[in-house]
Amino acid sequence: MKISPTDIFNEYQSAVDFKEGIGNKGLFEQSKINERFFIGDQWYGARCGAERPLVRYNIIKRIGEFKMSQITANPVEVVYSADGVPTTENVRSSVREFKSKIANAPDFAFSGAPDTDEINVITSALSDYHKVTAERVHLDSLLYKALKDSYISGSGIIYTYWKGDINTGTFADNDGAVQIKGDIACEVLKISDVAFGDPYEEELERQPYIIISARRNADEVRREAEYSGVAYSEISNINPDGDDGKVLVLTKLYKEYNEHGDYKIKCVKVTKNAIVRRPYNTGLNLYPLAVFRFEERGGLAYGESEITHLIPNQIAINRMITASVWAAMTMGMPLMVVNGDTVTGEITNDPGQIIKIYGSNEDVSGAVKYITPPDFCSDFIGSVNNLIDNTLTQSGANAAALGDSDPNNASAIMALRNSALMPLNLLKSRFNVFIEQ
């Protein structure tokens, strides 16, 4: 396995080149475009001037927020259990008694092989620890952020790791002099900052390695290298690679096998010219990442965004509505033609303005007139509405699902709504697996 900074950077660059070749515009550029369309910056780069309003009707955000709200509508509770060990009400009652004994006797210890009650005490403690940890790291917020990333760029990723400087509020002695630090931390990663060793492998645990990139302050990276025991000659090679005082740091997670075919996940951290932390054993058998793909590409590790294929419809809708607004403005405020020989004063659109005209009656009649604009297609607005409705319906967000239907026939509306929500059950199921991972 390659562990030199140069080799790792070559692997990283190879993954960047692959991502730049995905789709028509590449993963990086397409993600930027999708994000602009999602937030409503949908006329970016269009050279339409600023004389007339450029209208937008953001169906992309409405579809996305509808689907994300449905996926996260029912909170998921995580409960640890041991295979083959029952968890009846009587068992749960015994677990509560065990917990009370442990709380009142710090030196309490199990004796002999664990029985059902003891195993359930342990799994119950793990469930409680997960609940406390999830609240501390704001897991629900991180899950929503990863879900939003997956809608925009195709993939959402949560990275879980051990952070040694977290204050746990506990102590290793009865006097409170030795503080215990370190706990689990979670972070949402952009897919642009994650490179998979095999871009054609969908299963995360089958990846030969994963590289996480981050731009960090060079001084901070030097301190980390010094703390991890890297030689000064190596640390001196850690320098900013831009005007922002930051340096690109790559964290590589990879599998190292022993002679029995078993493996552990190892980790190494480098810059382009130096090692920040030498390879170490994480003690893990699984990669500490979870990936959710909003739309799965066949045979690719990187997901697909629905927005990419909604953009043409969004552009057409914006253009058609803008054209209808311009037409209404032209009809309501048509262009005025003024004969400058007979009208020498300033012309405004103020009501009741008196216009002085010099000349004969013929000059007066021809001094000012309006240009009648061409008739506007009466079915144009209907075409716009049909395009909006069809786009929403084909995306699984019809009027009934969005709550825009006339509530005269409640049973029919509920049937339409349930029908629209059925495809989302597949997304919900995959999202629950993501939470479990």
S.K.: For Phe171, does the CZ atom sit with more than 12 other heavy atoms under 6.0 Å from it, leaving out its own atoms?
M.R.: yes
S.K.: Taking the side chain from Ser395 and the backbone from Leu392, do they hold a donor-acceptor pair closer than 3.5 Å?
M.R.: no
S.K.: Does any non-hydrogen side-chain atom of Ile311 lie less than 4.5 Å from one of Ile60?
M.R.: yes
S.K.: Do Lys32 and Glu35 have side-chain heavy atoms sitting under 4.5 Å apart?
M.R.: no
S.K.: Keeping the roles fixed (side chain from Arg293, backbone from Glu202), state whether a donor-acceptor pair exists under 3.5 Å.
M.R.: yes
S.K.: Please determine whether salt bridge (charged side-chain N to carboxylate O under 4.0 Å, His left out) holds for the pair Glu306 and Lys67, giving the CA-CA distance in whole Å, both sets of side-chain angles, and the decisive distance to 0.1 Å.
M.R.: CA-CA 11 Å; Glu306 183 180 32; Lys67 290 187 174 182; 2.8 Å; yes
S.K.: Minimum heavy-atom separation for Glu201 to Ala301, with atom names?
M.R.: O-CB, 3.3 Å
S.K.: Does atom CG of Asn24 have more than 12 heavy-atom neighbours from other groups under 6.0 Å away?
M.R.: no
S.K.: For residues Val76 and Phe431, determine if any side-chain heavy atom of one lies less than 4.5 Å from a side-chain heavy atom of the other.
M.R.: no
S.K.: Checking the side chain of Thr393 only, and the main-chain atoms of Asn390 only, is there a donor and an acceptor separated by less than 3.5 Å?
M.R.: no
S.K.: Report, as yes or no, whether the 6.0 Å neighbourhood of atom CZ on Arg430 holds more than 12 heavy atoms from other residues, nucleotides or ligands.
M.R.: yes
S.K.: Backbone N or O of Ile265 within a donor-acceptor pair of the Thr282 side chain at under 3.5 Å?
M.R.: yes
S.K.: Is there a side chain to side chain contact (heavy atoms under 4.5 Å, CB included) between His130 and Leu139 once you walk through the steps?
M.R.: CA-CA 10 Å; His130 176 276; Leu139 184 61; 4.2 Å; yes
S.K.: Measure the acute angle between the ring planes of Phe434 and Phe292, then classify it against the limits of 30° and 60° as parallel, tilted or perpendicular.
M.R.: tilted
S.K.: Atom CG in Asp198, atom CZ in Arg206: separation rounded to 0.5 Å?
M.R.: 11.0 Å
S.K.: Looking at CG of Asn10 and CD of Gln13, how far apart are the two atoms once the value is rounded to the nearest 0.5 Å?
M.R.: 8.5 Å
S.K.: Could you measure the distance from the CD1 atom of Ile184 to the OG1 atom of Thr133? Nearest 0.5 Å is fine.
M.R.: 5.0 Å
S.K.: I'd like to know if the side chain of Asn318 and the backbone of Ile321 have a donor-acceptor N/O pair within less than 3.5 Å.
M.R.: no
S.K.: I need the full list of salt bridge (Lys or Arg N to Asp or Glu O under 4.0 Å) pairs touching residues 266-287, with sequence neighbours left out, sorted by first then second residue.
M.R.: Glu224-Lys269, Glu256-Lys266
S.K.: Can you name the nearest heavy-atom pair linking Asn237 to Ala274, along with the distance?
M.R.: CB-CB, 3.9 Å
S.K.: More than 12 heavy atoms of other residues, nucleotides or ligands under 6.0 Å from CD of Glu234: yes or no?
M.R.: yes
S.K.: Other residues, nucleotides and ligands only: do more than 12 of their heavy atoms fall within 6.0 Å of CD on Glu203?
M.R.: yes
S.K.: With a 4.5 Å heavy-atom cut-off, do Glu304 and His309 have their side chains touching?
M.R.: yes
S.K.: Show the nearest heavy-atom pair for residues Lys246 and Arg215, with the distance to one decimal.
M.R.: O-NH2, 3.2 Å
S.K.: Would you say Leu284 and Tyr161 make side-chain contact, with heavy atoms under 4.5 Å?
M.R.: no
S.K.: Test your reading of the model: is there a side-chain donor-acceptor pair from Thr168 to the backbone of Ile180, 3.5 Å cut-off?
M.R.: yes
S.K.: So, using ring-ring contact (aromatic ring centres under 6.0 Å, His included) as the criterion, who are the partners of Tyr302 when residues are at least two apart?
M.R.: Phe196
S.K.: Working note: Val270 + Lys252, criterion side chain to side chain contact (heavy atoms under 4.5 Å, CB included); need CA distance, chi angles, decisive distance, verdict.
M.R.: CA-CA 8 Å; Val270 302; Lys252 180 178 179 179; over 6 Å; no
S.K.: Are Thr322 and Trp43 packed together at the side-chain level, in the sense that at least one heavy-atom pair is separated by less than 4.5 angstrom?
M.R.: yes
S.K.: Which pair of heavy atoms, one from Leu289 and one from Ile210, lies closest together, and at what distance?
M.R.: CD1-CD1, 4.2 Å
S.K.: What distance do Tyr257 atom OH and Asp262 atom CG have between them, rounded to the nearest 0.5 Å?
M.R.: 10.0 Å
S.K.: Keeping the roles fixed (side chain from Ser14, backbone from Glu11), state whether a donor-acceptor pair exists under 3.5 Å.
M.R.: no
S.K.: Backbone N or O of Tyr80 within a donor-acceptor pair of the Ser127 side chain at under 3.5 Å?
M.R.: yes
S.K.: Would you indicate whether Tyr200, at its atom OH, is surrounded by more than 12 heavy atoms from other residues, nucleotides or ligands within a distance under 6.0 Å?
M.R.: no
S.K.: If you round to the nearest 0.5 Å, how far is CD1 of Ile158 from CG of Leu142?
M.R.: 5.5 Å
S.K.: Out of curiosity, Asp193 CG to Ser213 OG, how far, rounded to the nearest 0.5 Å?
M.R.: 4.0 Å
S.K.: Would you say the side chain of Phe66 lies within less than 4.5 Å of the side chain of Leu424, judging by non-hydrogen atoms?
M.R.: yes
S.K.: Cut-off 3.5 Å, side chains only: do Lys264 and Asn285 have a donor facing an acceptor?
M.R.: yes
S.K.: Taking Asn425's backbone N and O only, do any of them form a donor-acceptor pair with Ser429's side chain (distance below 3.5 Å, no angle check)?
M.R.: no
S.K.: Dump the intermediate steps for side chain to side chain contact (heavy atoms under 4.5 Å, CB included) on Phe37 and Ile315, then the final yes or no.
M.R.: CA-CA 10 Å; Phe37 269 81; Ile315 292 174; 3.8 Å; yes
S.K.: Donor-acceptor pair, Lys428 side chain versus Ala73 backbone, under 3.5 Å?
M.R.: no
S.K.: If I compare all heavy atoms of Asp241 with all of Leu248, which pair ends up nearest, and what's the gap?
M.R.: OD2-N, 3.1 Å
S.K.: Decide if atom CD of Gln394 counts as having more than 12 heavy atoms of other residues, nucleotides or ligands within a radius under 6.0 Å.
M.R.: no
S.K.: Return the minimal non-hydrogen interatomic distance between Cys267 and Tyr254, and the atom names on each side.
M.R.: N-CE2, 4.2 Å
S.K.: Between Phe38 and Glu65, is a side chain to side chain contact (heavy atoms under 4.5 Å, CB included) present by the stated rule, with each step listed?
M.R.: CA-CA 10 Å; Phe38 182 82; Glu65 289 185 338; 4.3 Å; yes
S.K.: Checking Thr308 against Asn34 for the side-chain hydrogen bond (donor to acceptor under 3.5 Å, both in side chains) test, could you report, in this order, the C-alpha distance in whole Å, the side-chain angles of both residues, the deciding distance, and whether it holds?
M.R.: CA-CA 6 Å; Thr308 302; Asn34 290 356; 3.1 Å; yes
S.K.: Check whether any side-chain heavy atom of Asn239 sits under 4.5 Å from a side-chain heavy atom of Arg222, and report yes or no.
M.R.: yes
S.K.: Does the distance from a Lys or Arg side-chain N to an Asp or Glu carboxylate O, for Asp41 and Arg56, drop under 4.0 Å?
M.R.: no
S.K.: Count the heavy atoms of every other residue, nucleotide or ligand shown that sit under 6.0 Å from CZ of Arg36, and state whether that count exceeds 12.
M.R.: yes
S.K.: When you look at Thr6 and Ser4, which way does the side-chain hydrogen bond (donor to acceptor under 3.5 Å, both in side chains) test go after all the steps?
M.R.: CA-CA 5 Å; Thr6 301; Ser4 73; 5.1 Å; no
S.K.: What pairs meet the salt bridge (Lys or Arg N to Asp or Glu O under 4.0 Å) rule with one or both residues in residues 120-149, with sequence neighbours excluded?
M.R.: Lys99-Asp128, Arg136-Asp183, Asp149-Lys190
